[in-house]
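For reference, the structure discussed in these notes is given below.
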Amino acid sequence: MVFDDIYKTYWNKVFRICMGYVNDHDWAKDIAQETFVTVWQQLPKFRNESAIGTWIFRIASNQCLRQIERQNRMPRSEMPEQIADHKEPDKEPQMQFLYKCIAELPETDRLIISLELEDVKQAEIAKIVGLSETNIRVKVHRIKERLAKKFENYEH
Amino acid sequence: MSTEMDFKALWNKQAPTNIPDTKELLAKAGKLKKAARNKLIGLNLVLISTVAFITYIGFNIDNEHITTKIGIVLIAIAIVSYLAASNQIMPLLFKTNLQTSSQEYLNQLIRIKRKHEFLNKVMINIYFVLLAAGMFLYMLQFAIRMSVFWAIFWYVVTFAWIAFSWFYLRPRGIKKKQKPLNEMIARLEEVNGQLNS
């Protein structure tokens with residue numbers, strides 16, 4: 001697969017996973033770009049040991065986790081409200097609420113649920129995260145329950 | 001809004017974002033590479049000029065005693081090895097592989113931070129030992145010229161200062177460097193723990 005095709009196919013998926021992790025449009029774009037820089041650099045060495053999607057999502061997930069080292073960047077959810085809400089007017093309130101709920105989850109859960117919502121198979125998520133499939137299934141179930149509860153409160 | 005299909009449907013309703021041009025992406029890659037290279041060049045310049053400066057001063061002021069020269073060399077080695085270890089060797093040792101699973105990646109980061117913490121301690125100790133030995137030898141030449149009283153006084157003052165830096169400044173320096181590292185390790189371990197909960 002040529003880089004350009006990979007880029008076009010996966011940009012949106014990767015961006016949305018990053019967005020799930022940081023809930024900040026510009027920051028997510030940065031992480032997604034860094035992911036594709038790595039993909040671009042490592043692609044010649046890619047040996048098809050795993051599906052290309054799994055490989056790309058692994059890099060994206062680790063680029064997200066790497067942000068822990070750059071703590072000086074404040075997550076939007078912790079910013080004062082008037083600064084936090086300045087962009088992304090086109091996003092539906094429900095979608096914004098979903099991102100907000102995901103942002104409140106622990107880091108690894110954010111990745112797992114974003115991958116799940118992106119329709120990545122649970123067997124693949126297991127390979128990306130490094131847990132067993134059963135473990136992932138249980139985690140996804142628990143996270144969805146938590147999200148559902150938050151949405152119930154939101155709607156009523 | 002409580003069934004699982006609804007979350008996926010909502011997620012998939014998002015309008016696709018604009019894909020940045022590949023040119024922008026490659027420019028970014030180039031910029032990162034350039035920044036890393038410039039940093040390396042800058043650090044090397046600092047290292048070389050430090051050594052040049054110290055040896056120049058040292059060998060021009062006095063060339064009577066071999067101990068003075070050894071002293072100067074030790075001080076130079078102390079400074080250079082400290083700078084080289086913290087700025088050049090460590091980043092090389094601490095490269096990560098982004099292509100592993102998240103769990104393995106987090107473990108990599110934790111291992112690296114631990115190694116970093118250990119190396120910091122070792123390097124600060126080496127730095128202080130070399131510096132103290134270097135100063136001792138360097139000062140011999142001046143002490144020889146003094147009367148016994150002043151020579152002893154001179155060394156007492158100097159070693160009081162070295163003791164002060166060894167027992168007070170060194171632990172403080174180590175602590176100052178360790179604190180953010182320890183916090184980072186704790187944070188990474190916490191995230192890693194999420195996977196096992």
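Quick note on labels: first sequence line is chain A, next is B, and so on, each numbered from 1. All figures in this text were calculated on a predicted structure; none of them were measured in a lab.
- To the nearest 0.5 Å, atoms CD (Q94(A)) and CG (D6(B)) are separated by 8.5 Å.
- R16(A) approaches W11(B) most closely through the heavy-atom pair O-CH2, 3.5 Å.
- With a 4.5 angstrom heavy-atom cutoff, L109(B) touches chain A only via side-chain atoms.
- Between R58(A) and L98(B) there is no side-chain heavy-atom pair separated by less than 4.5 Å.
- Contact record, L65(A) with S102(B): CD1-CB, 3.7 Å, taken as the closest heavy-atom pair.
- Side-chain contact between E116(A) and F7(B) is absent, with no heavy-atom pair separated by less than 4.5 Å.
- We find the CD1-NZ distance between I19(B) and K29(A) to be 12.0 Å, quoted to the nearest 0.5 Å.
- Within the 4.5 angstrom heavy-atom criterion, no atom of N135(A) approaches chain B.
- With a 4.5 angstrom heavy-atom cutoff, Q63(A) touches chain B via backbone and side-chain atoms both.
- With a 4.5 Å cut-off on non-hydrogen atoms, I102(A) touches chain B through its side chain but not through its backbone.
- Salt bridge E69(A)/K113(B): present, at least one basic N to carboxylate O contact under 4.0 Å.
- When all heavy atoms of I68(A) and M184(B) are compared, the pair lying nearest together is O-CE, 3.7 Å.
- Looking at T100(B), the atoms closer than 4.5 Å to chain A (heavy atoms on both sides) sit in the backbone and in the side chain alike.
- Residues K139(A) and L195(B) come closest through the heavy atom pair CE-O, 3.5 Å.
- Although no hydrogens or angles enter the test, the distance criterion places a donor-acceptor pair under 3.5 Å between the side chain of Y7(A) and the main chain of P20(B).
- Residues F15(A) and Q14(B) form no side-chain contact, since every pair of their non-hydrogen atoms from C-beta on lies 4.5 Å or further apart.
- Nearest approach of M95(A) to L10(B), heavy atoms of both residues: SD-O, 3.5 Å.
- In this structure, Q194(B) CD and E107(A) CD are separated by 5.0 Å, a value rounded to the nearest 0.5 Å.
- Contacts between N192(B) and chain A at a heavy-atom distance below 4.5 Å are absent for every atom of the residue.
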* To do: Go through the steps to decide whether Q103(B) and V129(A) satisfy the test side chain to side chain contact (heavy atoms under 4.5 Å, CB included), and finish with yes or no.
  => CA-CA 6 Å; Q103(B) 194 165 40; V129(A) 177; 5.8 Å; no

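- The structure places CH2 of W11(A) at 10.0 Å from CG of N18(B), a figure rounded to the nearest 0.5 Å.
- Once rounded to the nearest 0.5 Å, the distance linking CD of E190(B) with OG1 of T108(A) reads 10.0 Å.
- With rounding to the nearest 0.5 angstrom, the CG atom of N196(B) is 7.0 Å from the CG atom of L131(A).
- Between chain B and the options W55(A), F57(A), F36(A), heavy-atom pairs under 4.5 Å are most frequent for W55(A).
- Using modelled atom types, no side-chain atom of E104(B) and backbone atom of G130(A) make a donor-acceptor pair closer than 3.5 Å.
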